[in-house]
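So the structure is just underneath, and the comments pick up after that.
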Amino acid sequence: MSSTSSAASSSSSTFTEMSANIPSDIISDILTRLPVKSLTRFKSVSKSMLAFLGNPEFVKQHLRRANLKNPNLVLKHESKLFYVEDEEWSKARRLPLPFSLCLEKVEISGSCNGILCISDQQCNQDIFLLNPSTGVFKHLPFSGFDIAAVENSFTTMGFGYHQAEDDYKVIRCVYIYDKPFIDIDSYECEARVYSLKAGEWKDIGAIPYHLGYKAAIWLGNDFLIWKATIGLGRTGRYLIVSYDMSKEEFKEIPQPIVNHNDELHMEVSVLDGLVSTFYLSKHDEAHIWSMKEYGVTDSWELRFVIKLPWRVENYNYIFLKPLTILKNGEILIEAGEKARILHDPKKDSYTIINPIRGVPRRFLVTPIVGSLVSPLDYHQG
C-alpha cells in the first residue's frame, strides 16, 4: 500500500471514529470555521466526509459563518481573473477558466454567495456561473433573445439568490440603440430571467428604465439593484432601480434628499446589506447614505462624510466607488483600476492598499465570500 493510500485510510478511520464519539453538531461547528481551501482537501478523505461537507444544511451553515469574516477578492485584469483568499489580501492566484475560449472577453456580471456570474456582456452569448473557491462551474443554456445581437446594442445583467424560493436567478436585459442621443427612453428592450432550479429562461418583457450598469448588485435578499437613467442631457437624471425576484417587477427606489448642485457624481452600492448611495461633492467630500428600511424614503440616513485628502483627489472622482465595509468598520473604496483605498471613519484616516503579489498592478475588484455553494446543486430537471 502506498503512503498516500495509507494516509487517506488513516484520515478516513479518524473521521469515522471522531463522528462516532463527537456529536455531529459539534463537528459541524468546528468545520464551518475552516476556509474552503481546507474543506476541499477533506472531501477526498472518505465518502462519509464528502457527504457531510456536501450536505445542503452544512453548506448554508458554512456560508453564514463565512459572511461574518472579511471577503475574499476577485481581481479582473483584461480578460484574466485572479483570486485573493488570504486574510491579509497579500497574494493572488490566477483563476483557471476552462470556458474562456467560449467568450470574446471575460466580464463579471454579478456575484452572490460565493458564485460569480461571468459573461462577455453580449446579447446572446454564453453565461457561466463559477465558484472560484472550488472551481465548480455551470454553463447556462442559450437565452434565445428575439432581439438580434448587433453592434449598437447594450446588455446589462443581474445575479442573485432568491430566498423565498431557495433559488439562484440570472437576469439579462438587452437594449437596441436605434435612436442614439435622441430618445434614450424609447430604445427597444427585452429582458429574460433564468432560474437555476427550473433550469430555463423566462421572458419578462420590456423594462421602463434604462439600466446604466453592466451588472446589478445583489441586495442580500430578494432584490437586485442598478443605477439607471431617465432622459438625456440636462433633462436626464440618475435613478436607483430594483428588481423584485418574487414579484418579477422593476421599481424605482426613492433617493435621499441631497443638494444635487453640489454633487459631481453618484454611485449605487450595497453596504452592510443596505441600499446605499455614494455622492462625490464639489467640496472634496464623499457622502455615503444608506436606506435603513428598504423602500422607505424617510429611512435614508447620512452614514459617512469622507474628507478626501490630496492622495485620493489625484484619482479621478468618477472612478471612486465604495465596495464593502470591513468587519473593523473600514470602508474599502476602489479608485478605478489604479488603487484600492481603506478609509477608517473613526480616525478619518486613509491607507492605500499595497500591491498584491501575483497580479498586474491595474485591476478591478469584486469582493466575494468564500463558500461551498455549487451552481450544479440546484437544477431539479
I'd like to check the side chain to side chain donor-acceptor pair (under 3.5 Å) partners of Ser195; sequence neighbours left out, ordered by chain and number.
Asp167

ILVMFWY cluster, [X] and [Y] together (side-chain gap under 4.5 Å):
X	Y	value
Val36	Tyr161	yes
Val359	Leu116	no
Phe82	Val106	no
Ile108	Val84	no
Phe363	Leu81	no

Have Ser276 and Ser269 got a donor and an acceptor in their side chains that come within less than 3.5 Å?
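There is no such pair (donor and acceptor under 3.5 Å, judged by atom type) between the side chains of Ser276 and Ser269.
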
Do Thr277 and Glu267 have a side chain donor and acceptor closer than 3.5 Å?
no

Please confirm whether Lys227 makes a cation-pi placement over Tyr238, using NZ or CZ under 6.0 Å from the six-membered ring centre and within 45° of the ring normal.
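Verdict for Tyr238: a cation-pi partner in Lys227.
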
May I ask you to establish whether Arg172 and Phe159 are in a cation-pi arrangement, using a distance under 6.0 Å from NZ or CZ to the six-membered ring centre and at most 45° from the ring axis?
no

Of all heavy-atom pairs between [X] and [Y], which one has the smallest distance, and what is that distance?
X	Y	answer
Arg303	Ile325	NH2-CD1, 3.8 Å
Trp300	Gln255	NE1-C, 3.5 Å
Leu75	Ala92	CD1-CB, 4.3 Å
Pro254	Met291	O-CE, 3.6 Å
Trp226	Met157	NE1-O, 3.5 Å
Val268	Lys321	O-CE, 4.3 Å

Under a 3.5 Å distance rule, please check whether [X] uses its side chain to pair with a backbone N or O of [Y] as donor and acceptor.
X	Y	result
Asp272	Leu274	no
Tyr279	Ile288	no
Lys251	Tyr243	no
Lys76	Glu78	yes

Are [X] and [Y] close enough for a salt bridge, meaning some N to O gap below 4.0 Å?
X	Y	value
Asp222	Lys169	no
Arg64	Glu57	yes
Asp86	Lys37	no
Glu85	Arg93	yes
Glu200	Lys202	no

Only one of Asn70, Leu323, Asn72 passes side-chain contact (heavy atoms from CB on, under 4.5 Å) with Pro367, and that residue is Leu323

Given Val193, which partner from the list Ile204, Val170, Asp203 fulfils the side-chain contact (heavy atoms from CB on, under 4.5 Å) test?
Ile204

Is the shortest side-chain heavy-atom distance between [X] and [Y] below 4.5 Å?
X	Y	result
Val373	Val59	yes
Leu73	Tyr83	no
Ile331	Phe278	no
Val365	Trp89	no
Val136	Pro375	yes
Cys173	Ile171	yes
Ser374	Asp377	yes
Leu302	His287	yes

Test side chain to side chain donor-acceptor pair (under 3.5 Å) on Ser111 and Thr366 and set out the steps.
CA-CA 8 Å; Ser111 67; Thr366 299; 6.0 Å; no

Give the ring-plane orientation class for Phe99 versus Phe128, where under 30° counts as parallel, over 60° as perpendicular and anything between as tilted.
parallel

Take Lys292 and Glu301 through the salt bridge (Lys or Arg N to Asp or Glu O under 4.0 Å) test and state the conclusion after the steps.
CA-CA 7 Å; Lys292 294 293 186 176; Glu301 177 183 290; 3.7 Å; yes

Rounded to the nearest 0.5 angstrom, the NZ-CG distance for Lys138 and Leu196 is 6.0 Å

Which distance, rounded to the nearest 0.5 Å, do you find between the CZ of Arg340 and the CG of Leu364?
8.0 Å

Show, in sequence, the C-alpha distance, side-chain angles and deciding distance for Asn113 and Leu63, and conclude whether the side-chain contact (heavy atoms from CB on, under 4.5 Å) test is met.
CA-CA 7 Å; Asn113 288 348; Leu63 176 63; 3.6 Å; yes

Can you list everything that forms a side-chain contact (heavy atoms from CB on, under 4.5 Å) with Asp244? Sequence neighbours excluded, please.
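Asp244: side-chain contact (heavy atoms from CB on, under 4.5 Å) contacts with Phe223, Ser246, Lys247, Glu249.
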
Does the pair Asn221 and Tyr294 meet the rule for a side chain to side chain donor-acceptor pair (under 3.5 Å), with working shown?
CA-CA 11 Å; Asn221 44 30; Tyr294 177 79; over 6 Å; no

From the list Arg65, Lys60, His62, side chain to side chain donor-acceptor pair (under 3.5 Å) partner of Thr32 resolves to Arg65

Steps toward side chain to side chain donor-acceptor pair (under 3.5 Å) verdict (Ser109, Ser119):
CA-CA 6 Å; Ser109 302; Ser119 76; 3.0 Å; yes

